[in-house]
Each structure stands twice: as C-alpha cells, then as structure tokens.
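Working notes for the structure below.
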Amino acid sequence: MIHQDIREWVAQMMRLDLATASPAELAKLEEVAKLAEAQYVRQLMNLHEYRPLVG
C-alpha cells in the first residue's frame with residue numbers, strides 16, 4: 001500500500017468525495033492519512049519477517 005492508496009482508503013472511511021471536498025476537508029484528510037500511513041509503517045517494521053535494507 002502506498003501513500004495514495006492509504007489516502008483513498010481514509011477518504012472512503014471518512015465518506016469524503018475527493019472531487020467535491022472543501023480545502024478544510026482535504027486538510028483533515030491529509031492529517032488523518034499521515035497518521036494512518038505512520039501506523040502502517042510501524043506495523044510493517046514490527047513484523048518478524050522485516051529486515052531493514054543495508055545501505
């Protein structure tokens with residue numbers, strides 16, 4: 001799942017139509033999507049199978 005997928009999923013959960021959303025609604029969407037994306041990344045990093053790439 002990438003940022004846009006998470007953003008669309010959050011908009012769906014908020015019952016927000018992206019085509020007609022106000023600037024305030026879009027700002028709230030971005031705020032909630034950032035939190036959801038951060039949680040998603042934390043969960044991935046906690047997986048037993050997760051191995052960070054070595055640079």
Problem set entry | Euclidean distance, Glu31 CD relative to Leu35 CG, rounded to 0.5 Å | 6.5 Å
For this session: Hey, could you give me the CE/CD1 distance between Met13 and Ile6, rounded to the nearest 0.5 Å?
Result: 13.0 Å
For this session: Run the numbers on Glu8 and Gln4 for side chain to side chain donor-acceptor pair (under 3.5 Å), then give the verdict.
Result: CA-CA 6 Å; Glu8 289 172 6; Gln4 187 61 29; 3.1 Å; yes
Exercise. Between CD of Glu30 and NE2 of His3, what distance do you get to the nearest 0.5 Å?
Worked result: 4.5 Å
For this session: For side chain to side chain contact (heavy atoms under 4.5 Å, CB included), just list the numbers for Tyr40 and Leu44, CA-CA rounded to whole Å, side-chain angles, deciding distance to a tenth of an Å, and then say yes or no.
Result: CA-CA 6 Å; Tyr40 176 75; Leu44 285 177; 3.5 Å; yes
Exercise. When you look at CE of Met45, are more than 12 heavy atoms from neighbouring residues, nucleotides or ligands closer to it than 6.0 Å?
Worked result: no
Problem set entry | CD1 on Ile2 to CZ on Arg7, rounded to 0.5 Å | 12.0 Å
For this session: Considering non-hydrogen atoms only, spot the tightest contact between Leu18 and Ala11 and give its length.
Result: CD2-CB, 3.9 Å
Seminar exercise, completed: Nearest heavy-atom approach of Val10 to Ala33 is CG2-CA, 4.1 Å
